Each structure stands twice: as C-alpha cells, then as structure tokens.
Visitor: 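Before I ask anything, let me first share the structure, which is written out below as structure tokens.
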Amino acid sequence: MTTHQRLGDLAEELEAQGADELRVHVVRRAREFKRSWVMMAEALVEVRNRESYLDWGYADFYSYCALELQLKQATADKLTGSYVALKRHAPSVLKRDGLNERIPTCDAVDYFAKALQKGPSNDADERAVNQEVVDELRHAVFEEGAPVSDLRKRFNPVLHPKPEGAEELDAIRRTTASVRRLERSVEE
C-alpha cells in the first residue's frame, strides 16, 4: 500500500471516528502534498502554532509529523520554514492558483530563506547579504520560478564564495580520483 493510499484511508477513518476537523484536514493535505506544498505547509504551520498535535495525543510536533503524516523532521522544517518565508517576503504568491500563475518550488523558497539567514559563524568580518543580491534572488525565486539548481549556480558564488585556493584543491581531488580509477582499470 502506498503512502498516498494509507493517508487516504487514515483520513476516511478519522472522519468516521468524528476526529477533530483540523486533524482530518491536515491528513488530507498530506495526501495532496505533491500537488501543493503551500497548502500542506500552511496546514502544518497552523497545527504547530495551535499545538493541536498535543490534543491528538502526540508529545511534540515532529512525532505528529512522523507518525501520522509520514513526514521526516527535515521535511516538516523545510515546509514550515519555506511557508513562513513566503508569507513574510512574498505574500502575494500565496494568492496564486498554481496554474495561471506559477508557485515557486518548496526547494527554491527554502534556498531563499536560508540565504537570508546569517551563518553560524561569529566572525566579525561576516557581512550581511547585499540587498541588491537579495532583490535579485527574490525576483528569481518568486517571479521567474527558477529551479533550485539554477539558483545555486547563479547565487552560490555570491552567497557562499569559495575560499582562496578551493578551485585548485578541487582540481587536485578530481585528478586524484581519476588516477585511482585508472589504476583500478590497469589492475583489472
């Protein structure tokens, strides 16, 4: 039985038992997750904010997500974080239907949200992301609908510049790996 089918059966079972309306609603949204991450994320934020999972017998939000919705903690964090970033930085996107006006992928919004966060470093030389870069990234994510692979190619050199000598070190690693493959081929 697929996750899709299990969630459908669970929604019907909960509804038949007269379960909390929000709970049934969130299970149905989990089932439709692939079609609309925004709807799922919105529901998860509501459950988390209301702490509804406690009324449903779960010790914490992540237990609820894992056991009932079959979502890993990382997925729940990505969804809720992306939704909060979307609501804060591009609320008009929430009104899009996804057909006539494209909704950015969860991964792209997650990339945007993480780009705005300060790194864990306490380095005094660490600088905030340039507002011009943020505006360009915002446009790429929310207006162009750029996939996260394109965002990484375009913005990683600015947002996460490699230290001096990193390119040479990468070239040495690639060459070493090639030599090892050649050695194995010769041995065979």
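Keep in mind that this is a model prediction, so the values were computed, not measured.
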Visitor: Suppose we screen for side chain to side chain donor-acceptor pair (under 3.5 Å). Which residues come up paired with Glu15, at least two apart in sequence or across chains?
Guide: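 Scan of Glu15 (side chain to side chain donor-acceptor pair (under 3.5 Å), adjacent residues dropped) gives Arg28.
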
Visitor: Using a cut-off of 6.0 Å, state whether more than 12 heavy atoms not belonging to Gln17 lie near its atom CD.
Guide: yes

Visitor: Distance check, rounded to the nearest 0.5 Å: Arg29 atom CZ versus Leu7 atom CG?
Guide: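 Answer rounded to 0.5 Å: 14.5 Å.
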
Visitor: Does some side-chain heavy atom of Tyr111 sit less than 4.5 Å from a side-chain heavy atom of Leu159?
Guide: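 In contact.
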
Visitor: Checking Ser52 now: which residues fulfil side-chain contact (heavy atoms from CB on, under 4.5 Å) with it, not counting sequence neighbours?
Guide: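 Leu22, Val47, Arg50, Trp56.
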
Visitor: Would His25 and Asp20 satisfy side chain to side chain contact (heavy atoms under 4.5 Å, CB included), going step by step from the backbone distance to the final call?
Guide: CA-CA 9 Å; His25 175 72; Asp20 183 306; over 6 Å; no

Visitor: List for me each residue that meets salt bridge (Lys or Arg N to Asp or Glu O under 4.0 Å) alongside Glu144, sequence neighbours excluded, and say none if there are none.
Guide: Arg154

Visitor: To the nearest 0.5 Å, what is the distance between CG (Leu151) and CD (Glu136)?
Guide: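 Reported to 0.5 Å precision, the distance equals 10.5 Å.
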
Visitor: In chain order, what residues pass the side-chain contact (heavy atoms from CB on, under 4.5 Å) check against Lys87, with sequence neighbours excluded?
Guide: Tyr83, Leu94

Visitor: How would you list, by chain and number, every residue that makes a salt bridge (Lys or Arg N to Asp or Glu O under 4.0 Å) with Glu13, sequence neighbours excluded?
Guide: none

Visitor: Can you tell me how far apart CE (Met39) and CD1 (Ile103) are? Round to the nearest 0.5 Å.
Guide: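 Result: 9.5 Å between the selected atoms.
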
Visitor: Which distance, rounded to the nearest 0.5 Å, do you find between the CG of Asp77 and the CZ of Arg48?
Guide: 8.0 Å

Visitor: Kindly indicate, with the supporting measurements, whether the criterion side chain to side chain contact (heavy atoms under 4.5 Å, CB included) is fulfilled by Lys114 and Asp110.
Guide: CA-CA 6 Å; Lys114 287 178 179 174; Asp110 184 55; 3.2 Å; yes

Visitor: Working to the nearest 0.5 angstrom, can you tell me the gap between Thr80 OG1 and Glu42 CD?
Guide: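 The OG1 atom of Thr80 sits 13.0 Å away from the CD atom of Glu42.
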
Visitor: With sequence neighbours left out, write down each residue that passes side chain to side chain donor-acceptor pair (under 3.5 Å) with Arg152, or none if nothing qualifies.
Guide: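 Result, side chain to side chain donor-acceptor pair (under 3.5 Å) vs Arg152: none returned.
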
Visitor: What pairs of residues pass the salt bridge (Lys or Arg N to Asp or Glu O under 4.0 Å) test when at least one of them lies in residues 171-188, not counting sequence neighbours?
Guide: Asp170-Arg173

Visitor: For Phe155, check ring pair (Phe, Tyr, Trp, His ring centres under 6.0 Å) against everything at least two apart and list the hits.
Guide: none

Visitor: What are the two closest heavy atoms between Cys65 and Ala76, and how far apart are they?
Guide: SG-CB, 3.9 Å

Visitor: Quick one: closest heavy-atom pair of Ala115 and Leu137, and the distance?
Guide: CB-CD2, 3.6 Å

Visitor: With salt bridge (charged side-chain N to carboxylate O under 4.0 Å, His left out) as the criterion, how do Asp55 and Arg23 come out once you've worked through the C-alpha distance, each side chain's angles and the decisive distance to 0.1 Å?
Guide: CA-CA 10 Å; Asp55 296 336; Arg23 186 176 184 185; over 6 Å; no

Visitor: Please enumerate all residues that pass side chain to side chain donor-acceptor pair (under 3.5 Å) together with Glu51, with sequence neighbours excluded.
Guide: none

Visitor: What residues, two or more places apart in sequence or in another chain, satisfy side chain to side chain donor-acceptor pair (under 3.5 Å) together with Asp150?
Guide: none

Visitor: Atom CG of Leu44 and atom CG of Leu69: how far apart are they, to the nearest 0.5 Å?
Guide: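 Between Leu44 CG and Leu69 CG, I get 6.5 Å after rounding to 0.5 Å.
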
Visitor: What I'd like to find out is whether the side chain of Asp135 reaches to under 4.5 Å of the side chain of Glu132, using heavy atoms alone.
Guide: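 No, side chains not in contact.
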
Visitor: Apply the test side chain to side chain contact (heavy atoms under 4.5 Å, CB included) to residues Leu79 and Val45: give CA-CA distance (whole Å), side-chain angles for both, the deciding distance (0.1 Å), then the verdict.
Guide: CA-CA 9 Å; Leu79 285 166; Val45 168; over 6 Å; no

Visitor: Between Tyr64 and Tyr58, is the gap from one ring center to the other below 6.0 Å?
Guide: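 Yes.
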
Visitor: Any chance you could lay out the side chain to side chain contact (heavy atoms under 4.5 Å, CB included) test for Ser82 and Trp37, step after step, and finish with the verdict?
Guide: CA-CA 10 Å; Ser82 295; Trp37 74 266; 3.7 Å; yes

Visitor: Could you work out, with side-chain contact (heavy atoms from CB on, under 4.5 Å) as the rule, every residue matching Asp60, not counting sequence neighbours?
Guide: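 Partners of Asp60 under the side-chain contact (heavy atoms from CB on, under 4.5 Å) test: Tyr62, Ser63.
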
Visitor: Are the side chains of Lys78 and Leu71 in contact, using a 4.5 Å heavy-atom criterion?
Guide: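 A side-chain contact is absent here, since even the closest heavy-atom pair is not under 4.5 Å.
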
Visitor: Which heavy atom of Tyr53 sits nearest to which heavy atom of Ala59, and what is that distance?
Guide: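 It is CE1-O, 4.4 Å.
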
Visitor: Report the residues that fulfil side-chain contact (heavy atoms from CB on, under 4.5 Å) with His89, sequence neighbours left out, ordered by chain and then residue number.
Guide: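 So His89 forms a side-chain contact (heavy atoms from CB on, under 4.5 Å) with Ala85, Phe112, Leu116, Arg138.
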
